[in-house]
Amino acid sequence: MAEDRRTRRTRKALRDALVGLVLERGYASITVEDVTERADIARATFYSHCRDKDDLFTRLTRDLLDELGARQRPLIAENAVGFTGKPVLELLRHAEQERDLYRIILRGEGDGKPLRMFVECCVRVTTEEFASRAERNAVAPRIDPGLLARAWVGEQTAVLQWWLEIDDPRPPAEEVARMLLDLAVHGRYWASGFDSPA
C-alpha cells in the first residue's frame, strides 16, 4: 500500500515536472535531468519508471486517453442514435481539468507523437461507434465511417486546442458542446446561416 502511494506520488511528480517544463521551455530543450531535478527525484528512480522523456510523455498521453475513454464510454453507450452532445461535453470537462497536459499534446510537442496518438485513438473509437450506430439503427452511412470519424475528430481537436488556449473568459464547456452538437446535427450549411441547399 505504501509502495503504491509512493509510486503514485513519483508518477505525479514526473508528470507535473514534464508538463511544467514543456510549457515553460518547449519539449525539445528539456532533458531527463531537468525533469528529475524539477520532480526532486533521483535519475535511477526516473529510469525505474520510464526509458526516457519520450517514454514518459507517451505514458502520460496513454493514461490521459484511458481516463477519457472511461469517462466517455457510459455516455456513448446510453443512446442508440447518439448526437446527445454528452461525450463532447465530457471531453471538454476532462480537458479543462487536465488543461496543461492537453495543451502540450495538442500543440504537437514531442515531435507530434502524442498528438498523433490522441487523434488516432479518438478516430478508432469514433469509427467503431459510427459503424456500430449505423448497424444498430439499420442505416447505411452516406460517407465512409472512417472518413466521417476523421472529419469529426479533426473538428473537435481544432476546437479543443483553440478553446484551451484562450485566456479567461473562456466560453463555457456547455456552450461549446452545444455549438458542436448543432453543427453535427444540422451541418455546416445550416451553421453558416443558410436554410437549405439551392
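All values derive from a computational prediction rather than experimental measurement.
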Given D66 and R62, is the salt bridge (Lys or Arg N to Asp or Glu O under 4.0 Å) satisfied, shown in steps?
CA-CA 6 Å; D66 288 346; R62 192 177 303 118; over 6 Å; no

Flag yes if more than 12 heavy atoms outside Q97 fall under 6.0 Å of its CD atom; otherwise flag no.
yes

Is the CD atom of E175 crowded by more than 12 outside heavy atoms at less than 6.0 Å?
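Yes, CD of E175 has more than 12 neighbouring heavy atoms, counting only those of other groups under 6.0 Å.
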
Using the rule given for side-chain contact (heavy atoms from CB on, under 4.5 Å), can you reason through R11 versus R15, listing the C-alpha separation, both sets of side-chain angles and the distance that settles it, and then say yes or no?
CA-CA 6 Å; R11 287 182 177 161; R15 169 197 170 109; over 6 Å; no

For residues [X] and [Y]: do they belong to one hydrophobic cluster (side chain heavy atoms under 4.5 Å, members Ile, Leu, Val, Met, Phe, Trp, Tyr)?
X	Y	result
L23	I30	yes
Y189	L180	no
L18	V32	yes
V176	L160	yes
I41	V35	yes

[X] versus [Y], closest heavy-atom pair with distance:
X	Y	value
R116	D111	NH1-O, 3.2 Å
Y102	H94	OH-ND1, 2.6 Å
V119	V153	O-CG1, 4.1 Å
H49	R59	O-CZ, 3.2 Å
D55	D52	N-OD1, 2.8 Å
L91	F118	CD1-CZ, 4.4 Å

Donor-acceptor contact below 3.5 Å, side chain [X] vs main chain [Y]:
X	Y	result
E109	I104	no
N137	V139	no
R150	V123	no
W190	D195	no

Which value, rounded to the nearest 0.5 Å, describes the distance between [X] atom [atom1] and [Y] atom [atom2]?
X	Y	atom1	atom2	result
L65	I105	CG	CD1	7.0 Å
E24	S29	CD	OG	9.5 Å
E174	L181	CD	CG	13.0 Å
L21	E37	CG	CD	9.0 Å
E120	T127	CD	OG1	9.0 Å
R71	K86	CZ	NZ	15.0 Å

side-chain contact (heavy atoms from CB on, under 4.5 Å) assessment of R38 paired with E33
CA-CA 8 Å; R38 174 71 63 94; E33 188 174 355; over 6 Å; no

Is the shortest heavy-atom distance from the side chain of [X] to the side chain of [Y] under 4.5 Å?
X	Y	result
L75	T84	no
F130	P141	no
P114	L64	no

Begin from the C-alpha positions of Q161 and R103 and carry the test side-chain contact (heavy atoms from CB on, under 4.5 Å) through to its verdict.
CA-CA 7 Å; Q161 182 185 22; R103 285 169 70 206; over 6 Å; no

Quick one about [Y] and [X] (side-chain donor to acceptor, distance below 3.5 Å, no hydrogens or angles considered), yes or no?
X	Y	result
D34	T31	yes
Y27	D54	yes
R136	S132	yes

As a quick check of understanding, evaluate side-chain contact (heavy atoms from CB on, under 4.5 Å) for L183 and W152, giving each step before the final call.
CA-CA 10 Å; L183 181 59; W152 176 235; 5.9 Å; no

Checking E155 against R188 for the salt bridge (Lys or Arg N to Asp or Glu O under 4.0 Å) test, could you report, in this order, the C-alpha distance in whole Å, the side-chain angles of both residues, the deciding distance, and whether it holds?
CA-CA 12 Å; E155 206 164 68; R188 287 178 184 82; 2.2 Å; yes

